[in-house]
Every structure is written in structure tokens, then in C-alpha cells.
Protein chains: 2
Amino acid sequence: MSRALARFCAACGQPIVRRIPAGDSRERDVCERCGAVHYVNPRPVVGTIPVWQDTVLLCRRAIEPRYGKWTLPAGFMEVGETTADGALRETLEEAGARVELGPLFSMIDVPHVEQVHIFFQARLLDLSFAPGEESLEVQLFHERSIPWPELAFRTVSATLRHFFADRARGCFGVHTEAITPVSPVHRGSGA
Amino acid sequence: MSRALARFCAACGQPIVRRIPAGDSRERDVCERCGAVHYVNPRPVVGTIPVWQDTVLLCRRAIEPRYGKWTLPAGFMEVGETTADGALRETLEEAGARVELGPLFSMIDVPHVEQVHIFFQARLLDLSFAPGEESLEVQLFHERSIPWPELAFRTVSATLRHFFADRARGCFGVHTEAITPVSPVHRGSGA
């Protein structure tokens with residue numbers, strides 16, 4: 001779900017140009033005919049850490065990117081919903097899992113893909129989870145069996161690392177950090 | 001800076017239609033010619049609570065919406081930056097203020113305007129602040145002199161309320177909440 005390159009004005013259909021609008025300091029997609037300025041902003045991705053006793057629920061992705069890799073349930077926030085609404089929706093859609101939402105746990109910037117990943121703590125209400133259309137399988141993992149090299153995204157591995165560290169010391173915080181691009185040498189490993 | 005209504009495909013310039021794409025569950029702007037799906041997602045607004053001794057820096061808005069009202073420095077996050085980058089940039093642009101950024105303080109959903117407002121604690125490095133192009137004036141306020149009825153946005157008043165409450169008890173947390181639309185009866189007051 002990457003963004004289509006904008007070449008035409010979404011308001012009037014004319015070709016757009018890249019220039020700095022009056023009173024602005026950045027190049028934008030501007031329509032010289034109707035005057036529309038088409039701003040592009042980073043997008044929130046929202047999800048949960050669904051917990052059952054001492055296990056965490058992960059989904060194996062049935063879609064690209066990272067087909068076949070494991071992830072926490074998460075996805076793009078939709079208009080009209082809150083971060084909490086979106087996290088609950090994605091947990092239900094991807095893992096068929098009903099959870100009670102807990103506090104905010106991590107907010108991780110991924111500037112090179114123009115995203116902010118936001119995870120909430122969550123408690124599974126029952127074991128009736130099942131893979132949704134975007135998941136191949138859904139499974140509970142103990143900390144010792146987390147498939148670390150097979151995790152889909154670094155925001156997921158960072159969130160899980162913080163989660164297990166906080167659990168070990170008996171105190172859950174809110175974690176913020178930024179993830180930078182993987183160097184080309186390592187990109188092939190999917191890390 | 002509201003969004004232009006999309007009527008044409010930004011990729012190929014043809015008229016778009018609203019329909020649910022295959023494998024999706026929501027109506028999107030879809031181009032029947034080139035197949036592009038134009039997703040729209042909520043936007044992060046990032047800012048700071050700039051503190052000097054026992055005062056907080058506020059900006060009086062020189063732009064709509066809420067021209068003439070007071071706000072914490074904040075604005076739309078730009079692509080390529082982190083939430084922290086954006087918060088520092090907005091603080092410099094709107095208040096001419098250089099700060100040392102502290103921890104995340106509040107994340108407030110505003111679903112009816114498709115935004116998530118994110119504020120960080122911040123410490124002013126000096127008193128050389130000055131209004132930027134989007135501010136009429138910039139001023140330090142003691143808690144007792146905060147112009148509560150003249151604050152521009154409820155995310156700002158909620159963040160300031162949490163800030164002063166946390167400061168009074170000597171312990172700063174991370175605050176999350178959602179703001180719902182003001183009823184039409186009260187909207188005229190600018191609250």
C-alpha cells in the first residue's frame with residue numbers, strides 16, 4: 001500500500017507542478033489552474049500486543065511486504081477512527097482476536113517510509129482467534145519461542161523487546177524511538 | 001489546511017469513483033482506468049510544551065483556523081521527519097524557540113478532523129524566542145495566567161491541564177485520550 005506518484009490535480013484533473021507555495025518553505029504538489037496544494041504527510045500505523053497469560057499473539061503475513069513473516073497485528077489507521085479504534089480493528093481483522101485494550105506502549109518513527117507505528121498493550125479476551133484474510137496463521141508465542149529472525153518489521157521486534165524487558169522488571173512504560181533505513185548490505189536479509 | 005476533495009486520479013488524471021476495492025472493506029477513491037487506489041489516512045500533528053522555569057510558552061495564531069487564539073507550538077508532521085523532528089521544527093517555526101526535547105507527553109485523537117495530536121515535553125534553551133510567520137505574538141505564561149478561554153484547540157487545553165496536574169504532583173506521565181466533536185450549540189464559542 002505505497003502511495004501512487006501524483007502527476008495530476010485530484011481536485012480538477014490538470015497536471016500538477018512541484019513548487020514552494022507562497023508562505024510555505026517546502027516543495028508541494030501544486031495545481032497552477034485551480035490553486036489546490038496537495039499536501040502529503042506521514043501515516044499512522046496502529047496495532048496491539050495481544051497477551052494471553054505469558055504468551056503473545058503473532059500473525060504470519062499473507063500479503064506483501066514481508067509475505068510469510070511474523071508480525072503483531074497492525075495496519076494503517078483509517079479516517080474517522082481513533083488510534084485505539086484502529087488498533088482494535090486491525091487486531092480483529094488480522095488475527096480474529098477480541099482484546100481489551102491497555103495503555104499506549106510504543107510509538108516508533110519510521111521516517112524513510114513516512115510512517116509512525118503506534119502499539120497498545122492488549123489482553124486477549126478468549127482463545128477464539130483465527131487468521132484473517134491478510135494472515136496465513138495466528139499463533140501464541142512464549143518469549144523463548146518468538147521467531148526473532150522471522151519478524152516482519154523492526155518496529156515489531158523493537159516493541160516486543162521492550163515488552164519482554166518491561167515484563168521482566170514488572171513495570172510497563174511508554175517507548176519512543178526512531179528506526180533508520182537498513183544499510184543496503186543488510187537489506188537482503190529482510191532484517 | 002483541509003484536504004481538497006478528490007475528483008480525479010492523481011496518477012493519470014481521469015475521474016475517480018468511490019467503491020470498495022477487491023480485498024478491501026471500505027469505500028476508496030479508485031481509478032477505473034489505471035487501477036490506482038487513493039487511500040486517505042489521518043495525519044499526525046506534532047508539537048511541544050516549551051517550559052522556562054515555572055512558565056510555558058504559547059503562541060497567538062496569525063492564521064486560520066482560530067486566528068488570534070493561543071496555542072502550543074504544533075503543526076502537521078512532514079514526510080521524511082520523525083515526530084520529534086517535526087515537534088522541534090514547529091517550535092522553531094512558530095515560536096522562534098530553541099528547545100531541548102523531553103519525553104512524549106500526550107497523544108490525543110481528534111477523529112472528526114482526521115488528526116492525531118502528539119506533544120512532547122521541552123525545555124527552552126534561552127529566551128530569544130520570537131513570533132514566526134504563523135504567530136502574532138509569543139509569550140511565557142504562569143499557570144495562573146494561562147488564557148484558558150482563549151486557547152485555540154481542545155488538544156492544547158487538555159495537554160496543558162495534564163501538564164500542570166502532573167507538575168503539581170511531581171510526576172510526568174504519558175496521556176492518551178480522544179476528543180469528540182463539540183455539539184453545534186457550543187461550537188459558536190470557539191471552544
Side-chain angles (χ1 to χ4, degrees), chain A residues 1 3-16 23 25-26 29 31 34-46 63 76-86 89 93 103-104 107-116 118 120 133-134 173-179, chain B residues 1 3-16 23 25-26 29 31 34-46 63 76-86 89 93 103-104 107-114 116 118 120 133-134 173-180:
Chain A
M1 189 173 141
R3 288 191 248 233
L5 181 68
R7 314 176 97 184
F8 297 90
C9 175
C12 79
Q14 291 302 296
I16 50 165
S25 58
R26 293 177 182 240
D29 293 336
C31 178
C34 78
V37 181
H38 301 283
Y39 298 94
V40 181
N41 303 90
R43 294 182 289 181
V45 168
V46 289
I63 53 170
F76 287 104
M77 188 180 174
E78 299 280 5
V79 297
E81 68 185 6
T82 64
T83 48
D85 292 337
R89 177 184 50 73
E93 285 179 7
L104 175 66
M107 184 183 81
I108 306 181
D109 292 291
V110 198
H112 56 289
V113 294
E114 305 170 4
Q115 295 172 10
V116 182
I118 295 163
F120 291 86
E133 285 194 4
E134 299 186 358
V174 179
H175 301 272
T176 56
E177 62 186 86
I179 287 204
Chain B
M1 188 172 140
R3 290 192 247 235
L5 181 68
R7 313 175 111 188
F8 297 89
C9 175
C12 80
Q14 291 303 296
I16 50 166
S25 59
R26 289 176 185 244
D29 292 336
C31 179
C34 79
V37 181
H38 300 283
Y39 298 95
V40 180
N41 304 91
R43 295 183 289 180
V45 168
V46 290
I63 53 171
F76 287 105
M77 187 179 175
E78 298 280 4
V79 298
E81 68 185 6
T82 65
T83 46
D85 293 338
R89 177 184 51 70
E93 284 179 7
L104 174 66
M107 184 182 81
I108 305 181
D109 293 291
V110 198
H112 56 288
V113 293
E114 306 170 4
V116 182
I118 294 163
F120 291 86
E133 287 195 4
E134 299 185 357
V174 180
H175 302 271
T176 57
E177 61 186 87
I179 286 201
T180 50

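Scope of the values below: all heavy atoms of this structure, side chains included, with no hydrogens, waters or symmetry mates. The chains referred to below are lettered A, B, ... by the order of the sequence lines, with proteins before strands, and numbering in each begins at 1.
In terms of non-hydrogen atom pairs under 4.5 Å with chain A, the most contact-rich of B:Ser25, B:Cys9, B:Cys12, B:Ala84 is B:Cys12. For the set A:Thr83, A:Val116, A:Asp29, the entry with the most heavy-atom pairs within less than 4.5 Å of chain B is A:Thr83. Here A:Leu104 is the residue among A:Thr176, A:Leu104, A:Ile16 with the most heavy-atom pairs under 4.5 Å with chain B. For the set A:Met107, A:Glu81, A:Gln115, the entry with the most heavy-atom pairs within less than 4.5 Å of chain B is A:Met107.
Within the 4.5 angstrom heavy-atom criterion, atoms from both the backbone and the side chain of A:Thr82 approach chain B. Only the side chain of A:Ile118 comes within contact range of chain B, judged by heavy atoms closer than 4.5 Å.
Residues B:Arg26 and A:Val79 come closest through the heavy atom pair NH1-O, 4.1 Å. Between A:Ala11 and B:Arg7 the shortest heavy-atom distance is O-CD, 3.6 Å. Heavy-atom minimum distance, B:Pro111 versus A:Gly80: CB-O, 3.7 Å.
A search for salt bridge (Lys or Arg N to Asp or Glu O under 4.0 Å) contacts involving B:Glu134 returns nothing, not counting sequence neighbours.
A 4.5 Å side-chain heavy-atom check between B:Asp109 and A:Met77 finds at least one atom pair inside the cut-off.
Taking a 6.0 Å sphere around CD of A:Glu133, one finds it holds 12 or fewer heavy atoms contributed by other residues, nucleotides or ligands.
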